[in-house]
Amino acid sequence: MTQGDMRYGRCGACGGSEVYRGEYVAQSGLRATGAGKLGSKQPVFDAYVCAACGHTQLHVQLDAKMASHIRNKFDWIPPKKTL
């Protein structure tokens, strides 16, 4: 498991400082695991990519409607101390 939030400029996988930000627009829509397409809205993610190792983090730009959709349709993963 990688550690760290790449939004602070440090890669959680290799520890490098070559982190760049862009946007990723989902083409098929946000969906639950194993489900079909849930809607035509294309979510936009802030994408953070390490140029040293390729590790990438996506952070969705949430609004209240999308947050509610996620809470109602997706599987919640409770916090764990270890994998």
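Because the structure is a prediction, the values reported are computed rather than measured.
Note that NE2 of His55 is 8.5 Å distant from SG of Cys50, once rounded to the nearest 0.5 Å. Separating the CZ atom in Phe74 from the NE2 atom in His69 is a distance of 4.5 Å, to the nearest 0.5 Å.
There is no path of hydrophobic side-chain contacts, each under 4.5 Å, that joins Met6 to Leu58. In the hydrophobic cluster analysis, where Ile, Leu, Val, Met, Phe, Trp and Tyr join through side-chain heavy atoms closer than 4.5 angstrom, Phe45 is grouped together with Met66.
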Only pairs under 3.5 Å count here: list side-chain donor-acceptor contacts from residues 12-19, not counting sequence neighbours, and write none if there are none.
none

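A salt bridge links Arg7 with Asp5: at least one charged nitrogen is closer than 4.0 Å to a carboxylate oxygen.
Listed by first and then second residue, the salt bridge (Lys or Arg N to Asp or Glu O under 4.0 Å) pairs involving residues 45-59 are Arg21-Asp46 (not counting sequence neighbours).
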Intermediate values then yes/no, ring pair (Phe, Tyr, Trp, His ring centres under 6.0 Å), His59 and Tyr48
CA-CA 8 Å; His59 296 268; Tyr48 296 85; 5.7 Å; yes
